[in-house]
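Only one structure is covered here, and it is reproduced in the block below.
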Amino acid sequence: MTATLFDDGTMDTVILCDCGREHRFNREYTGETSGMDDSDNAEDIIAYEEFVLDCIAEVCETCECGEEV
């Protein structure tokens with residue numbers, strides 16, 4: 001199974017499983033950064049990339065592929 005980051009125009013982080021299911025995640029920001037206003041902050045970019053990788057791993061582990069959508 002594979003899953004990829006998908007942009008549907010919402011603020012959610014959407015991971016699309018290869019079975020066609022969309023899985024939505026919302027990241028809680030901590031510390032001094034406050035989301036998109038600090039998108040140039042290198043630490044925040046790395047943290048978001050790690051968040052996306054964790055989301056993809058979760059989808060690959062938990063998606064119920066083959067069941068009716």
Side-chain angles (χ1 to χ4, degrees):
M1 166 191 344
T2 59
T4 56
L5 182 62
F6 179 73
D7 183 2
D8 67 350
T10 64
M11 295 299 294
D12 297 343
T13 298
V14 181
I15 306 298
L16 181 64
C17 181
D18 61 359
C19 73
R21 289 183 184 205
E22 292 181 3
H23 302 263
R24 296 179 178 277
F25 298 86
N26 290 296
R27 181 172 171 224
E28 291 185 26
Y29 291 92
T30 59
E32 295 182 18
T33 61
S34 59
M36 294 184 65
D37 293 337
D38 298 315
S39 61
D40 292 334
N41 180 326
E43 291 177 9
D44 194 47
I45 292 170
I46 292 169
Y48 182 71
E49 290 173 351
E50 290 173 357
F51 169 74
V52 169
L53 292 174
D54 289 344
C55 293
I56 290 171
E58 181 176 327
V59 168
C60 289
E61 291 173 12
T62 63
C63 186
E64 298 171 348
C65 297
E67 294 184 13
E68 285 189 37
V69 177

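For Glu22, the salt bridge (Lys or Arg N to Asp or Glu O under 4.0 Å) partners two or more places apart in sequence, or in a different chain, are Arg24. Scanning for side chain to side chain contact (heavy atoms under 4.5 Å, CB included) contacts around Cys17 gives Met1, Cys19, His23, Val59, Cys63, Cys65, with sequence neighbours left out.
The nearest pair of heavy atoms linking Asp7 to Thr10 is OD1-N, 4.5 Å. Scanning all heavy atoms of the two residues, the minimum distance from Leu5 to Ile56 falls at N-CD1, 4.5 Å.
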Thr13 vs Asn26, side chain to side chain contact (heavy atoms under 4.5 Å, CB included): CA-CA, chis, key distance, verdict
CA-CA 6 Å; Thr13 298; Asn26 290 296; over 6 Å; no
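When the side chains of ILVMFWY residues are joined at heavy-atom separations under 4.5 Å, either directly or via intervening members, Phe25 and Val14 end up in two distinct hydrophobic clusters.
For Asp44 and Arg27, the salt-bridge test passes: some basic side-chain N is under 4.0 Å from an acidic carboxylate O.
Residue Leu53 shares its hydrophobic cluster (ILVMFWY side chains chained together at separations under 4.5 Å) with no other residue.
Separating the OG1 atom in Thr2 from the CD1 atom in Ile15 is a distance of 11.5 Å, to the nearest 0.5 Å.
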